[in-house]
Amino acid sequence: MSPDGTPAAPSGPGPGAGPGAAPLLEVEDLRVAYPARGGGWHEVVRGVGFTLGRERLGLVGESGSGKSQTGRALMGLNGPGARVSAARLRFDGIDLLSCPPRQRRALRGARIAMVLQDPKVALNPVMRVGDQVAEGLRAHRRLAGAALRARVLDALASVGLEDPARVARLYPHEVSGGMGQRVMIAMMLAAEPDLLIADEPTSALDVAVQQQVLAVLDRCVAERGMGLVFVSHDLRLVASFCDRVLVMYAGRVVESIDAGRLHEAVHPYTRGLLACLPRLDRPQRPLPVLQREDAWAR
Amino acid sequence: MSGGRLRRSGRALRALAGGALSVAATFLGLLAVTFFIGRVMPVDPVLAIVGDRAPEHVVERVREELGLNQPLPVQFVRYVRQALRGDFGTSVLTANPVLEDLRRVVPATVELATCGILIGIGLGVPLGVAAAVWQGRWIDQAARLVGLIGYSVPIFWLGLMALLVFYARLGWVGGPGRIDVAYEYTVPTLSGLLLLDAAWAGEWEAFGNALSHLVLPAALLGLFSLASISRMTRSLLIAELSQEYVLAARAKGLSTARIVWRHALRNAAVPLLTVIALSYGGLLEGSVLTETVFAWPGLGLYLTNSLQNADMNAVLGATLVVGTVFVGLNLLSDAAYRWLDPRTRAGA
Amino acid sequence: MGALSAVGGPPPVPGATGLAVTGLRVAFGDHVAVDDLSFTLPPGGSLGLVGGSGSGKSSVLRAVCGLVRAQAGQVALTGGGAGAAPGSAAFRRRVQMVFQDPYGSLHPRQTVDRQLAEPLAIHRLDRGAAREARIERALAEVGLDPGLRFRYPHQLSGGQRQRVAIARALILEPNLLLLDEPTSALDASVQAEVLNLLDALRQRRGLAFVMVSHDLAVVAHLCEDLVVMARGRVVDRLGAAALAAGGAACAETRALQEAAAGFRRPAPPVPAPPPAMPA
Amino acid sequence: MSGDAIHGRGPLPRWRAWLESARPASRRQAAAGRAWAAWQAFARQPAALAGLAIVAALLGVALLAPWIAPYSPIDGDLGTTRLLPPSAAHWLGTDDQGRDILSRLLHGSRITLQVVLLVALLAAPIGLLVGTVAGWAGGWVDTLLMRVTDLFLAFPRLVLALAFVAALGPGITNAVLAIAITSWPPYARIARAETLTLRGADFLAAVRLAGASPARLVLRHVMPLCLPSVIVRVTLDMAGIILTAAGLGFLGLGAQPPMPEWGAMVANGRQYVLDQWWVAAAPGAAICLVSLGFNLLGDGLRDALDPKQAGPGGGR
Amino acid sequence: ATPKDTLVIAAAFDDILSLDPAESFEISAGELMGNGYERLVRLDARDPTKLLPDLARAWTVSPDGRRYVFELKPGLRFASGNPLGAEDVAFSLQRAVLLDKAPAFILTQFGFTKAQVRERIRATGPGRVELETDRAYAPSYVLNGLSANVAAVVDRQLLLSKERDGDLGAGWLKTAYAGSGPWRIREWRANELVVLERNEAYHGTPARLKRVIYRHVKESATQRLLLDKGDVDVARNLSPQDLDALTGHKDIRTTATPKGTLYYFSLNQKHPTLARPEVREAFKWLVDYEAIGRTLIRNIGVVHQNFLPRGLLGASTDNPYRLDVAKARALLAKAGVADGFKVTMDVRSVQPVQAIAESLQQTARRAGIEIEILPGDGKQTLTKYRARQHDIYIGQWGADYWDPHTNADTFVRNPDNADDARAKPLAWRNAWDIPALTRQADAAVLERDPSKRAAMYRELQAEFRRSSPFVMLFQQTEVAALRANVDGLQLGATMDSTYFAGVGKR
Ligand SMILES: Nc1ncnc2c1ncn2[C@@H]1O[C@H](COP(=O)(O)OP(=O)(O)OP(=O)(O)O)[C@@H](O)[C@H]1O
Ligand SMILES: Nc1ncnc2c1ncn2[C@@H]1O[C@H](COP(=O)(O)OP(=O)(O)OP(=O)(O)O)[C@@H](O)[C@H]1O
Ligand SMILES: [Mg+2]
Ligand SMILES: [Mg+2]
């Protein structure tokens, strides 16, 4: 048991929820497991629960803590062989686990979308960028021809790309990292989803470009009232970007807290994470290091 | 913009020149190797010309005529000069200019190998795709089995058995040879590809007959290329399917079919093409044995015959053709690489 | 500025080595990665190289230790190691490097033991028991459990791997360590451990550092002087203290500074609270 | 990195615990543990085990041939035992010289094994050396070596082998030589490709920084890394080697009579294929079985040695 | 199925090198020459010891035995339409001598040389040709020589129109046709097919069928399949076991004729052990003739231990040797090699040669002789054989023309055993130095009384059987399997006497 019990039980809209009264996403006791080597199962997400309104929710934790697996479970895109279960996994009133695969696929890309970490590998290298954006639109919005092209250019323009017509004709290797990530965002936002899951969308980018991409994401959320799950291992970044933060450790959520009240965090893991970052304004040596306790993982 | 294009075309030109140079080097190597083989072979090439029962003075005279009594370097220079002029000389075995022989036998093999590879691609790619998509399921096992058969069974043995079953017992297909003698003079020779020529001339009966002869050896060769093609398709596709961009495509909500065929396969196509090109070359090679079994008058048979009879002109010509085809296939697959993969297209 | 003389802090340990780089130029084909770059590192000093991705930081380090060939410029050791020509065995023993990616910098098919023994074998140092002792010492020095000695890299965590990489760099007892983003692939908590280790080593051994990073806070934590690079050139030089005071003059430096502080919402549609960190 | 939350495992016997220890205490234990892990990855695949069983059986038969063969492999009786169908006395029948086919098959396994081993021992090191040196050195060395490789690749293998055998004279040794000469280029290609991807690797840069000579780098660090893929390829090629040897034998250029070489036996049996099918079928089946074994083994090895599965750290 | 008016033959004819009668010397080509060309005289296919007129109506031999005069039939034409006259005959024979290709010796052994052939062979009138030999040979010897392919008559006008650089049309004729026989050679595609078409201008009885097509099929099993399916009418190269399997087939029958080809193995006398007389004899007792005859060469050959094939003048049919290991051992002991020895044997990788070699390998081992078989293709083993570098060579020899001298010339003549000898007959290749036998053979050629001549050859054969380093194995029987609806096919004893003009199909 984590010190403060199961965090953020589904009890009404979370703080900072948008105008809609019903939450966009309800997750309760989400578990993801993979077959273990010697037989049996290896659980990598162990009873995660939270609700999400039209807000920015940050998901932080160290490598391997299950952030990505949680995000992917929402999309239904866990690796082959994964076993996903939950007491409740509802998106806008739809039960994601029991709905037919066809409906699930229709939701993907249309209402729930995902931005991946590294645009270099997440864009199909042999397909023009414009075509990749168009693909989702064609599948979900049944657009074609000039209308489709116009929408593609719109989408590219909306993420702040100059000369979208030119960009649409480029291949992924011909665009820079920042542009690529914007293309990916445009690709995922083109169908105007209600929920966006961003899995470390900026950690492959240059520090300077990172800011621009975050600004684009931020604007989309603000303008369209979309829910955002922002996965990152950078606590400082999440704290400054999101409304609310879930801290994960070994497949569990150990703390759920408003970004503004991060300094009030009670879990030693969260506190340790904050303390161990070197800071420009307050040099400190040696840096405090995390003393892990087995109890956190239990 | 135009400057970039200019630079790009300049780069392409340089690549082309480099390619030509390497092809030239390969050719010179081919010539040297064939020459070497011809000289160390413990067979007297004169024998091939005059036969065993010729009296000694005839043998000596022919030896002189061939320049075989000159020092080796002189012979090599002469040999290279002739080959460069496109003069492969006259085949001892057929008494025809080698070039003319090649014009006859190469199309026969090309027809056979092409049909083989078409079968191999037509069945192998879908099989490989199915095996990759349904990894570990029965279709995967089946594909594996087919692949293993293709890799493990000697072609000459399977060929004979197939002939026995499908021709002798069941009578479903035509027998050995390219066409029944009855049609020997009904099809005018244009391309040398019997099927095309027959269709062009509107000789449908002959077409059917030629097809019935072609089916079995082509299917056999097809099985062998199918083995490698399906196996490579499978492993390439599996590798592609675990790429991030596939995840992105799934996140877009695309159907599995579209992801597999449009995204993953398109990426796998690049190395796959090389595999196919190589396996086409392999078929030309496999035809050596197949043609023996099926009495198919193609390059493979020509080459073995010439080798065994020390018909060096013919050996040189045929080897050069095969070598050229290999080199050409390599160049072609390189070009396809460039065409299919935009990353290499810019030369970056 | 470009002088070869050693300027900076007093050498804490006799024999400490410094570095002087003048007019360095590195090009890959037509692409110039580093152009006319000069800096000096006083013996026993520490210097941070910061800059955005692709600004040429790694190329500088690689050119210094001879992994890539410089088109122009000189690299010279100063202080204790002065005179060792780049590329010589003496140079190699004095200058070692730690790479960014702990997953890629260890040979995947060799045990920790073998990787640590390799430099000793190459330089024919310490046979038999002495070598064993030296390896054990190196492990202890970087705080690695001796039980991990015969593991393969894939059996180690990222932090452990980076420690092995540091141990390997240290086993030849160099005086100058080149660090190419040694913590950027690590979790924040592990990063702190590695940074502490490096700090301790420096204190203990009087090592000189050149450290590359895009994270200003990390560099400032470890280095006294900073060189900011952009497009292969030096655009700013300043001390760590000046950086902490904030308000750098150079645009590139400012951008890095802002990134280190997290995300700053431009217009205020949602009033974002300033990132308040607990003490 | 190893799973902490693994369920469903009983206590391990001592030797397994020793092998599977995450903290090996000595070099020997580390190597053994590594081999054990590879074996476990391998042993998970039933097909691979079947392949191993076949190859092991080949080995056993080759070792024991003189003791388990019921008759002499080279002496038969033309007058009385010619072309007998399979029976209790001759399980696989007899051939046209009246020799017991089973005995010939058993003895022939030695030749097959010898061919395969010799080719592997000749071709793989050549290919490995050429490929790694070309890939590591780059520049004109690379160009030159790859030209030569391409030259050999530009010839179809069987044709080149044919030509070499024709040049050197038929016989099993020359057949082996010819096959070896023609089979190293693909290994060189593989090794070179692998070396190229490794060339920029930091761990090699680290060794260079430690002052290793190029020879040491290539021999001790690069080659061992290329070895698995070459081994896998060699194993997969074994079938092809056997078939090429058989093809040469089939064309009368391989082993000479009365050596019970399987390919030559098939070639010989080809005359009787329509009526006395067993003469060709038995060695043909043996060839199939053994190449199948090598193929399965190669597949299994590839899956077990695949760098992607060597450790979970590889892909992040 | 095959067309009604066409005879389709499956055969292996990869040996053909040329279609020019002055050059072609191969077995398969011989058959084409026999059907496509005519000569002055021709062997009787039924009894090859007899001669029939072909182009010549009659001939006379001068009393001194050196001048032969031939009278041509009237109104002869070539397939091209050109008239065929004495000029053509003289031209053809001169041409063969002048071109001096492999088979030219058949004519030059009568004393014709390039220098004088235009005088010694002349057209002496319309329809009259005269030949003058240098010595008085046995007339049967000369006439038999003139029945060979090299003496076939070619179309002078046509050839001269195709002449290049004074080659007498040789370049062109390699792959073309200029004859007058019942069949025109329409096309030869090496290793693929040969097409013969009825020559409508032929002066004799025209051929019954319109076309004969040879299809090159190397494998016996494949030939059998094709025949069985009716895709060919005749199969020419069936193996013993395939022939066996076809007996009793209701639509297929076989026809056979002994051929002039002999199979033997020979011991190189340069090898000190093999040169001992007892060792030579021992080998003759180490062959299981009986079993080989019953199995490996069943249907395709008969055991024959003499250098003259049955059917030639004076041919002996004595076969004294059989498998007797004890006797062989005794002989080896006498030769001082009781413990055996090791030798190599060059063997072509073809059947039945290879199987016989393997059988010999087994029986010889029983007497302690280890034979290592060195396989190779034909040209390879031959190259070694001709250079006298073999230990034991196993091979065959076919009669070049239908006269005993053809084989006596090579098996029992060795005028000069030096390494650089001018003539290199088989006796020379095995370094068998036999001045006495050589003289005897030379005398036999000049004997004009056939019965005395036959006796001389029988004597030669007896000595040969006793002491030669040649172990003669068997005489080949040629067998063809044909569909039952084919009639009139008779295989000839020589390579050029299988005729298709009388063949028809029902
Ligand atoms: N396909 C899979 N099969 C088995 N285990 C997996 C698979 N994918 C992920 N895992 C395991 O699940 C655990 C959680 O992985 P996840 O990717 O969610 O971590 P993360 O928090 O996103 O880490 P990072 O910051 O490194 O991205 C890890 O231990 C990982 O090894
Ligand atoms: N081996 C190489 N071949 C070609 N170009 C190279 C090579 N190494 C580096 N470059 C190029 O040189 C430039 C500088 O690279 P460098 O690795 O020094 O940058 P960096 O500042 O270390 O960036 P990062 O923060 O991404 O590591 C880049 O544009 C890079 O593409
Ligand atoms: Mg992740
Ligand atoms: Mg870098």
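What you see is a predicted model, and the numbers here were worked out from it, not measured in a lab. Residue numbering restarts at 1 for every chain, and letters A, B, ... go by the order of the sequence lines.
Contact detail for Ala95(B) and Lys174(E): the closest heavy-atom pair is CB-CD, 3.8 Å. Scanning all heavy atoms of the two residues, the minimum distance from Thr175(E) to Thr94(B) falls at CG2-O, 4.0 Å.
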Derivation and outcome, side chain to side chain contact (heavy atoms under 4.5 Å, CB included), residues Leu225(E) and Leu163(B): CA-CA 9 Å; Leu225(E) 284 181; Leu163(B) 208 53; 4.1 Å; yes

Steps toward side chain to side chain contact (heavy atoms under 4.5 Å, CB included) verdict (Val181(B), Arg215(E)): CA-CA 8 Å; Val181(B) 282; Arg215(E) 271 190 59 182; 3.6 Å; yes

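Considering only heavy-atom pairs separated by less than 4.5 Å from chain B, the leading option among Val217(E), Asp228(E), Val195(E) is Val195(E). Between chain B and the residues Glu23(E), His216(E), Arg189(E), the most heavy-atom pairs under 4.5 angstrom are made by Arg189(E). With respect to chain E, the highest number of heavy-atom pairs below 4.5 Å among Ala295(B), Pro176(B), Gly175(B) belongs to Pro176(B).
With Arg61(B) contributing its side chain and Asp100(E) its backbone, the two residues share a donor-acceptor pair below 3.5 Å.
In this structure, the portion of Leu99(E) lying under 4.5 Å from any heavy atom of chain B is its backbone and not its side chain. For Leu19(E), no part lies under 4.5 angstrom from a heavy atom of chain B. Only the side chain of Arg186(E) comes within contact range of chain B, judged by heavy atoms closer than 4.5 Å.
Under a cutoff of 6.0 Å and an axis angle of 45°, Arg211(E) and Tyr185(B) do not form a cation-pi pair.
Within a 6.0 Å sphere centred on CD of Gln389(E), heavy atoms belonging to other residues, nucleotides or ligands number more than 12.
A salt bridge does not link Glu192(E) with Arg178(B): none of the charged nitrogens is closer than 4.0 Å to a carboxylate oxygen.
Judged by distance alone, the side chains of Asp231(E) and Tyr167(B) do bring a donor and an acceptor atom under 3.5 Å apart.
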